[in-house]
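Worth knowing before you read on, the calculation uses all heavy atoms, side chains too, and leaves out hydrogens, waters and symmetry mates. Computed from a predicted model, the values in this text were never measured in an experiment. First listed ligand is number 1; within each ligand, the first listed atom is number 1.
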Amino acid sequence: MQTGAGFFGSSIGKKIVMAITGIMLIGFVVVHMIGNLQLYLPAHDGVYALDTYGEFLRTLLHGSGIWIARASLLAAAGLHVWAAVGLTLMNRAARPIGYQQQQYDASTFGSRWMRVSGVVVLAFIIFHLLHLTIGNILPGFEHGKVFHNVVTGFQVPWVSAFYIIAMVALSTHIHHGIWSMLQTLGLSHPRYNGLRNGLATLLTIVVIGGNISFPIAVLTGFVR
Ligand code: HEM
């Protein structure tokens with residue numbers, strides 16, 4: 001095995017970086033979705049579970065918990081994009097034929113689509129931070145009133161539509177990502193393809209199903 005800069009400069013090194021940071025990012029998305037399920041809990045004495053949860057996250061470890069989580073996520077996302085760009089450039093440099101005659105097979109379609117869906121997910125995250133963390137997309141945002149901000153946000157049809165479209169892009173990204181990650185981590189024998197696909201599909205459906213349910217629940221008036 002190569003070590004040091006050589007390892008990270010190699011294609012397998014970059015794939016391993018993508019796999020490890022991918023696991024961290026998917027882990028965050030799963031935990032975030034489970035936390036957001038508290039949208040469905042009724043208020044107790046006028047206090048929403050989602051607001052208490054937000055307060056808990058903001059005050060964890062005397063307020064440093066959220067910054068540790070933010071720094072880890074930012075590092076993971078940065079490394080993930082860095083490795084993706086590196087792999088793309090390496091693949092382009094190694095391509096023996098010009099773009100004109102290029103034949104798209106299943107694997108090149110998969111990695112092209114990963115780039116497109118990756119950019120959509122990145123755009124979504126920027127919008128999402130402006131919408132629900134910074135609060136400068138819609139009028140009426142109130143810091144700390146997480147339930148109010150989520151519900152009033154999703155009551156705006158274009159906001160809900162944007163979230164739903166972004167979640168579709170995220171689902172294809174996560175599905176192909178889990179599939180590729182398991183291959184990088186050694187589960188590439190044809191005997192395990194069914195298992196890999198099953199695992200990728202199950203996780204994708206759970207995460208995306210949960211996330212898409214939030215705007216739909218608000219739009220239909222189930223949560224208000
Ligand atoms: C419909 C689905 C989602 C809902 C309802 C939702 C809700 C929220 C809310 C309410 C916050 C602000 C929490 C607070 O200020 O206390 C937040 C923050 C955040 N969300 Fe989401 N989220 C969703 C999907 C996602 C997805 C799919 C991702 C990643 C791909 C994501 C990434 C983040 C990040 C990075 C933060 C910022 C955390 C911070 O630095 O404070 N969210 N989300």
Exceeds 12 heavy-atom contacts within 6.0 angstrom, atom OH of Tyr40: yes
Leu132, portion touching ligand 1 at heavy-atom distance under 4.0 Å: both
Aromatic ring proximity Tyr53/Phe147, centre distance under 6.0 Å: no
Ligand 1 contact by Met33, heavy-atom criterion under 4.0 angstrom: no
Heavy-atom donor-acceptor pair, Ser160 side chain to Pro157 backbone, under 3.5 Å: no
Atom indices of ligand 1, in the order listed, that fall short of 4.0 Å to a heavy atom of Phe214: 1 (C), 2 (C), 5 (C)
Proximal ligand 1 atoms for Val150, defined as those under 4.0 Å from one of its heavy atoms: 10 (C)
Identity and separation of the nearest protein heavy atom to atom 25 (C) of ligand 1: His32 CD2, 3.4 Å
Heavy-atom nearest neighbour in the protein, as seen from atom 29 (C) of ligand 1, with distance rounded to 0.1 Å: Val29 CG2, 4.0 Å
Working for ring-ring contact (aromatic ring centres under 6.0 Å, His included), residues Phe214 and Phe222: CA-CA 10 Å; Phe214 304 132; Phe222 180 68; over 10 Å; no
Side-chain heavy-atom pair Phe154, Val223 within 4.5 angstrom cut-off: no
Ligand-side contact atoms (ligand 1) for residue partner Arg70, heavy atom cut-off under 4.0 Å: 39 (C), 40 (O), 41 (O)
Any donor-acceptor N or O pair under 3.5 Å, side chains Thr204, His175: no
Close-contact set for ligand 1 against Leu170 heavy atoms, below 4.0 Å: 27 (C)
Part of Leu25 within contact of ligand 1 (heavy atoms, under 4.0 Å): neither
Pairwise side-chain contact, Asn149 with His143, heavy-atom cut-off 4.5 Å (strictly under): no
Asn211 and ligand 1 - part of the residue with a heavy-atom distance under 4.0 Å: both
Whether Leu57 lies under 4.0 Å from ligand 1, heavy atom: no
Nearest neighbour in protein (non-hydrogen) for atom 7 (C) of ligand 1: Asn36 ND2, 3.4 Å
Protein contact to atom 26 (C) of ligand 1 [nearest heavy atom, distance to 0.1 Å]: Phe124 CE2, 3.5 Å
Steps toward side chain to side chain donor-acceptor pair (under 3.5 Å) verdict (Tyr163, His128): CA-CA 9 Å; Tyr163 269 76; His128 184 52; 2.6 Å; yes
His128, N/O/S atom nearest atom 21 (Fe) of ligand 1: NE2
Donor-acceptor contact present, side-chain Thr59 to main-chain His62, <3.5 Å: no
Residue portion contacting ligand 1 (non-hydrogen atoms closer than 4.0 Å) for Asn149: neither
Exceeds 12 heavy-atom contacts within 6.0 angstrom, atom NZ of Lys15: no
Per-atom contact, atom 13 (C) of ligand 1, protein heavy atoms, under 4.0 angstrom: no
Leu39 and ligand 1 - part of the residue with a heavy-atom distance under 4.0 Å: neither
contact_flag Tyr53 ligand 1 heavy-atom lt 4.0 Å: no
Per-atom contacts of ligand 1 with Val146, taking only distances under 4.0 Å to non-hydrogen atoms: 10 (C), 16 (O)
Nitrogen or oxygen of Arg58 less than 3.5 angstrom from that of ligand 1: yes
Between Phe162 and Phe127, ring centroids under 6.0 Å: yes
Non-hydrogen side-chain atoms of Ser64 and Leu61 separated by less than 4.5 Å: yes
Heavy-atom nearest neighbour in the protein, as seen from atom 37 (C) of ligand 1, with distance rounded to 0.1 Å: Leu129 CD2, 3.3 Å
Lys14 side-chain N/O to Gly9 backbone N/O, donor-acceptor pair under 3.5 Å: yes
Protein residue, atom and distance nearest to atom 32 (C) of ligand 1, heavy-atom basis: Phe28 CE2, 3.4 Å
